[in-house]
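Okay, so here's the structure we're looking at.
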Amino acid sequence: MTQAAPATVKGRSCGTCTLCCKVLKIPETDSGKGEWCRHCVTGKGCSIYDERPQRCRDFLCGYLIWDAVPDHWHPAKSRIVVVSELGFRINFTVDPGAPGRWREVPWYNEIKALAVLGFQENRQVLVTVGNKVTALLPDREVELGVVGDNEVIVTGRRPDGTWGAAKVHKDDPRMADGGTMVPLG
Ligand code: SF4
Ligand code: SF4
C-alpha cells in the first residue's frame with residue numbers, strides 16, 4: 001500500500017515495500033491475512049492505485065508513523081508490519097514467508113520489551129503469522145491459533161495474579177469494557 005501522508009516520520013516512506021498488501025486482510029479485494037492482494041505487483045506496487053480501497057489509502061504502518069520505532073523495523077527488512085489496532089493493541093504481523101523472523105534479534109528482544117511496557121499501559125501485544133495469533137504476556141507467550149470472526153482476544157490478570165490470554169465469543173460479558181485488560185477466570 002504505497003502511500004504518503006503528512007503524519008509520517010520525517011525521512012520515512014514505503015519505498016519499494018508492499019508487505020502490508022500481503023500480511024493484512026483486505027476484504028474489499030478478497031485477500032486474507034498472509035496472501036498477496038491480487039492487485040499487488042511485486043516490486044512495483046498497487047496496480048489499481050488510483051482506485052484502491054479507502055482502507056488502503058488510510059493505512060499507515062507503525063514504522064511510518066512512530067518515531068520510537070527504530071530503522072531496522074522497516075517492513076522490507078524486518079518482514080514484520082507493526083499495526084495499531086482498536087486503540088489498545090499492537091499487532092506484529094509477520095510475513096508468512098519468514099515466519100520465524102519475529103523470534104530473531106533484534107526484533108524479538110524489542111517485542112518482548114514492548115510486551116512488558118504494553119501491559120503497564122493496558123495494551124495488548126500480539127504476533128500474527130498468517131491467520132495464527134500469539135499473545136505476548138509480560139512473563140510468557142500464549143499461542144491462540146486462528147481467531148474466528150466471532151471471537152475476540154482478551155488479556156489480563158487471573159484471580160491468582162498470573163497473566164492470561166484467551167479467545168472468547170464476541171458476546172462474552174467480559175467484553176463489556178471493549179476487550180482489553182479484563183479479569184480472566
Ligand atoms: S508495510 Fe508500511 S512501509 Fe510497507 S508498504 Fe505498508 S505502509 Fe508502507
Ligand atoms: S488494493 Fe492495492 S494498496 Fe490495497 S492491498 Fe491491494 S495492492 Fe495493496
Side-chain angles (χ1 to χ4, degrees), residues 1-115 117-118 121 123-136 141 144 146-149 151 153:
M1 291 180 218
T2 304
Q3 74 274 32
T8 55
V9 175
K10 187 177 180 183
R12 290 189 176 177
S13 66
C14 297
T16 58
C17 179
T18 53
L19 190 57
C20 54
C21 304
K22 179 180 183 183
V23 300
L24 302 183
K25 181 178 181 179
I26 312 292
E28 294 88 341
T29 64
D30 298 323
S31 58
K33 290 181 178 178
E35 305 168 358
W36 281 111
C37 170
R38 57 195 164 94
H39 301 297
C40 186
V41 180
T42 306
K44 292 186 176 178
C46 181
S47 63
I48 58 164
Y49 187 77
D50 290 341
E51 293 81 39
R52 69 197 188 286
Q54 191 63 43
R55 182 189 307 271
C56 304
R57 296 173 188 271
D58 294 342
F59 181 76
L60 293 169
C61 74
Y63 167 80
L64 290 180
I65 59 175
W66 296 328
D67 56 10
V69 176
D71 286 343
H72 55 259
W73 280 92
H74 190 301
K77 177 178 183 180
S78 65
R79 311 279 293 272
I80 302 168
V81 181
V82 186
V83 184
S84 174
E85 298 175 343
L86 305 174
F88 62 84
R89 175 184 296 162
I90 298 172
N91 195 343
F92 295 91
T93 54
V94 183
D95 182 355
R101 176 57 59 88
W102 69 281
R103 292 192 180 280
E104 297 178 16
V105 175
W107 301 285
Y108 185 65
N109 293 349
E110 293 173 3
I111 291 171
K112 296 284 282 185
L114 188 64
L117 182 64
E121 299 176 346
R123 294 184 187 278
Q124 289 181 346
V125 178
L126 307 179
V127 172
T128 300
V129 184
N131 60 2
K132 294 186 177 174
V133 179
T134 300
L136 277 288
E141 302 161 11
L144 298 170
V146 177
V147 180
D149 290 340
E151 292 179 311
I153 297 167

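Counting convention: from 1, in listed order, for ligands and their atoms alike. Position 1 is the first residue of the sequence; numbering continues from there.
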Requested in this report: Check each of Val127, Asn91, Thr93, Leu126 against Val133 using the side-chain contact (heavy atoms from CB on, under 4.5 Å) test, and report the only one that passes.
Outcome: Leu126
I'd like to know if the side chain of [X] reaches the main chain of [Y], judged simply by a donor and an acceptor atom lying under 3.5 Å from each other, with no hydrogens or angles considered.
X: Arg52; Y: Tyr49; result: yes
X: Gln124; Y: Ile153; result: yes
X: Ser47; Y: His39; result: yes

Query raised in the report: If you count the atoms of ligand 2 from 1 in the order shown, which ones are under 4.0 Å from a heavy atom of Cys37?
Result: 1 (S), 5 (S), 6 (Fe), 7 (S)
Query raised in the report: Numbering the atoms of ligand 2 from 1, which are under 4.0 Å from a heavy atom of Pro53?
Result: 1 (S)
Query raised in the report: Side chain, backbone, both or neither: which part of Cys20 comes within less than 4.0 Å of ligand 1 when only heavy atoms are counted?
Result: both
Query raised in the report: Counting backbone and side chain alike, does Cys21 bring an N/O/S atom below 2.8 Å of atom 6 (Fe) of ligand 2?
Result: no
Query raised in the report: Taking 2.8 Å as the cut-off, does an N/O/S atom of His74 lie below it from atom 4 (Fe) of ligand 1?
Result: no
**Report entry** Structural part of Cys40 in contact with ligand 2, heavy atom criterion under 4.0 angstrom
**Finding:** both
Query raised in the report: Taking heavy atoms and a distance under 4.0 Å, where does Ser31 meet ligand 2: side chain, backbone, both or neither?
Result: neither
Query - Distance, nearest 0.5 Å, that separates CZ of Arg123 from CG of Leu86 - result: 11.5 Å
Query - Reported OG1-to-CG distance for the pair Thr134 and Leu144, which is rounded to 0.5 angstrom - result: 7.0 Å
Query - Residues in side chain to side chain contact (heavy atoms under 4.5 Å, CB included) contact with Ala113, at least two apart in sequence or another chain - result: none
Query raised in the report: Given Cys14, Cys17, Ala76, which has its nearest heavy atom closest to atom 4 (Fe) of ligand 1?
Result: Cys17
Report task. Can you sort out which atoms of ligand 1 are near Val81, meaning under 4.0 Å from one of its heavy atoms? Result -> 1 (S)
Report summary line: In ligand 1, the atoms that come under 4.0 Å of a heavy atom of Leu64 are 7 (S), 8 (Fe)
